[in-house]
Amino acid sequence: MSRIAACFQALQAQGKTALIPYVTAGDPHPSITVPLMHQMVEAGASIIELGVPFSDPMADGPTIQLAHERSLVHNTSLTDILAMVKEFRQTNQTTPVVLMGYLNPIEMMGYEAFAKAAQAAGVDGVLTVDLPPEEGKEVLPLFKTHGLDPIFLVAPTTPAHRMQAIAEAASGFIYYVSLKGVTGANTLDTAEVAARLKQMREYTQLPLGVGFGIKDAATAKAVGQVADAVVVGSALIKQVEATPDDHTAIIKNISGLLASMRSALDA
Amino acid sequence: MPDAAGHFGAYGGRFIAETLMEPIYQLEQAYNSLKNDPKFQAEFDYDLKHYVGRPSPLYFAERLTRELGGAKIFLKREDLNHTGAHKINNTIGQAILAKHMGKTRIIAETGAGQHGVASATIAARLGLECVVYMGAEDVKRQAPNVFRMKLLGATVVPVHSGSKTLKDALNEAMRDWVTNVDNTFYIIGTVAGPHPYPAMVRDFQSVIGREARQQILEQDGRLPDALVACVGGGSNAIGLFHPFLADESVAIYGVEAAGSGISTGKHAAPLTAGKSGVLHGNRTYLMEDDNGQIIETHSISAGLDYPGVGPEHSWLKDLGRAQYVAVTDAQAMEGFHTLTRKEGIIPALESSHAMAYVMELAPKMPKDQSIIMCLSGRGDKDINTIARLEGITL
């Protein structure tokens, strides 16, 4: 069983919702990422989504764009990020790690080379924002061969027939983008999210995560009542923005926010 | 070409976030159902004739031909179109499509500002709200076009992210589209982006080559021996090239911006010196580093200052059907002055790149042969840049 499947099974047995923090690897400095990953696990993270920075993050809002820019100041590469995951795995063999980013850095490394290296480093899933299942005929089978779950997004604009196609291509979990727009956008309609998740249930048994628009314990709790996993990104990155030069504060503030979400989810 | 999923060989495709997939399919469907609709075509043709002023002349540059001493040089005068460049052909096509799809708001990205002006122009005429994204750096470089867009009623949004140029404007326009997809139509200005944009923009711009083919047969009694056009994203080039692709005797040259020189790395020539990759919804040649990050480009011309290129050009390059060359900022300036002084035509800096290559190519060809160059735009927008570069205070 994959680490992601095992993680959801264990949570389900305890009646818990998964909490998935997103941070951009190398933001604000590559040295912070591995310690931050460990602290996020301490604070209650179930799965870690590690952003792979890209010069042109088209689907991300200003908060995550700036995180990518801060990371790229240090030339953080996909190879560097795989090394971070490998280091994280030295002391943590259970928490799944999903890489989230854009196709071009993967394409530049080479699909097969990447899939092999990611598996060797201990990566569990790959979410490639600009790779719809239609364009994945070459790379997706390689992910599967190397034990990497392809994670896909479902959007408010996704019609039923596409949900089905996505469900067929996906493994690990499916990530419902709760808003039209880019990451870090504003309002969230929980009732609508619930209705969409119910519709997705017709096509898949995979756990359903919800992201975009979750910024505090209250929104996490509201979404946690209808989803199997709650993904939080921009709200964490804002903690980096607040004190970019103080790594101790960043780790403390991100962990604090996650812990409050974890308590709200478990309450 | 392309195939049903928008692939030109290994290039093109639809590499976009899930939120945009359904809107892209809807756009494709709307375009497919309208493109062969005689009423839609009649509406488009009417506007091209009466609003844009088409057909644009194919002008025999007699003095320039004599000076260069080789092949006859014909200029396809897209600079004489309403708004001063070829961009309007495409914006009219897409705006009519937007109207048919019931969209009330259009957005566009712009580099030099020509596509932004063309979008704002058609938006004013059709009564659509218009928002134009423009790199903050370009807003500074192209102040007159920014003012024109504002006069036309458009909102110009300066983009401060990344390199603050065309690629970043495109990123920001995509973000707007993802957010406002219900009422918004994104008018992409070049033959790039997710399918169906590269094919659709090519279809709208192919009027350039169709007219030129007919005009040269009338004026010279034979097909041209070479075509030359500048390539940023490559819309004026594909517009000229496409109707000649099956004419094997016609050599095709796309001219990229070599900036300070290819060897300096400060250029905008992905076909000449780049690698294949995925950006802005399509796979194509890109300017990128070894980690797959897009690198900053450099060109004297804002319209060519883009790290990618339309996927059909990438395909034509690999196929060998078209050759892609690059000319430097300095050569482009020489092209600019030569055409201005010898023919009394002030070309855009983008088109000046094509001119510079014609100056290299024509003397090597016999006098009974001919070249059609796409004079994609007029240079009025560039006079401040030229003055600054030459240390002249206006």
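Hydrogens, waters and symmetry mates are skipped; everything else that's a heavy atom, side chains included, is used. Just so we're on the same page: letters track the sequence lines, and every chain starts at 1.
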(message) Within a 6.0 Å radius of atom NZ on B/Lys266, are there more than 12 heavy atoms belonging to other residues, nucleotides or ligands?
(response) no
(request) Identify which part of A/Ile166 has an atom lying under 4.5 Å from any heavy atom of chain B, answering side chain, backbone, both or neither. (result) side chain
(request) Fit a plane to each ring of A/His68 and A/Tyr102, take the angle between them on a 0 to 90° scale, and name the class: parallel (under 30°), tilted (30 to 60°) or perpendicular (over 60°). (result) perpendicular
(message) Whether B/Lys275 engages the ring of B/Tyr285 as a cation-pi pair (distance to the six-membered ring centre under 6.0 angstrom, angle to the ring normal within 45°) should be assessed.
(response) no
(message) Quick check on the structure: residues of residues 6-18 of chain B within a heavy-atom distance below 4.5 Å of chain A, by number.
(response) B/His7, B/Gly13, B/Arg14, B/Phe15, B/Ile16, B/Ala17, B/Glu18
(request) Side chain from CB out, backbone as N, CA, C, O: work out which of these in B/Leu286 comes under 4.5 Å of a heavy atom of chain A, or both, or neither. (result) side chain
(message) How about CD on B/Gln26, more than 12 heavy atoms from neighbouring residues, nucleotides or ligands closer than 6.0 Å, or not?
(response) yes
(request) Could you walk me through whether B/Tyr186 and B/Glu109 pass the side-chain hydrogen bond (donor to acceptor under 3.5 Å, both in side chains) test, one step at a time? (result) CA-CA 9 Å; B/Tyr186 179 17; B/Glu109 85 294 338; 2.8 Å; yes
(request) Scan side-chain atoms only and decide if A/Ser71 and A/Thr76 contain a donor-acceptor pair under the 3.5 Å cut-off. (result) yes
(request) Answer with side chain, backbone, both or neither: which region of A/Leu72 has an atom nearer than 4.5 Å to a non-hydrogen atom of chain B? (result) side chain
(request) Let me know if A/Leu103 has heavy atoms under 4.5 Å from chain B in its side chain, its backbone, both or neither. (result) side chain
(request) Examine the side chains of B/Thr272 and B/Glu256 and answer whether a donor and an acceptor come within less than 3.5 Å of each other. (result) yes
(request) Decide whether B/Thr179 and B/Asp176 meet the rule of one side-chain donor and one side-chain acceptor closer than 3.5 Å. (result) no
(request) Please state whether the side chain, the backbone, both or neither of A/Pro53 comes within less than 4.5 Å of a heavy atom of chain B. (result) backbone
(request) Counting only heavy atoms closer than 4.5 Å, note whether A/Asn75 contacts chain B via side chain, backbone, both or neither. (result) backbone
(request) Pick one of side chain, backbone, both or neither for B/Leu279, based on which atoms fall under 4.5 Å of a heavy atom in chain A. (result) side chain
(message) Under a 3.5 Å cutoff, is there a donor and acceptor pairing between the side chains of B/Ser119 and B/Thr91?
(response) no
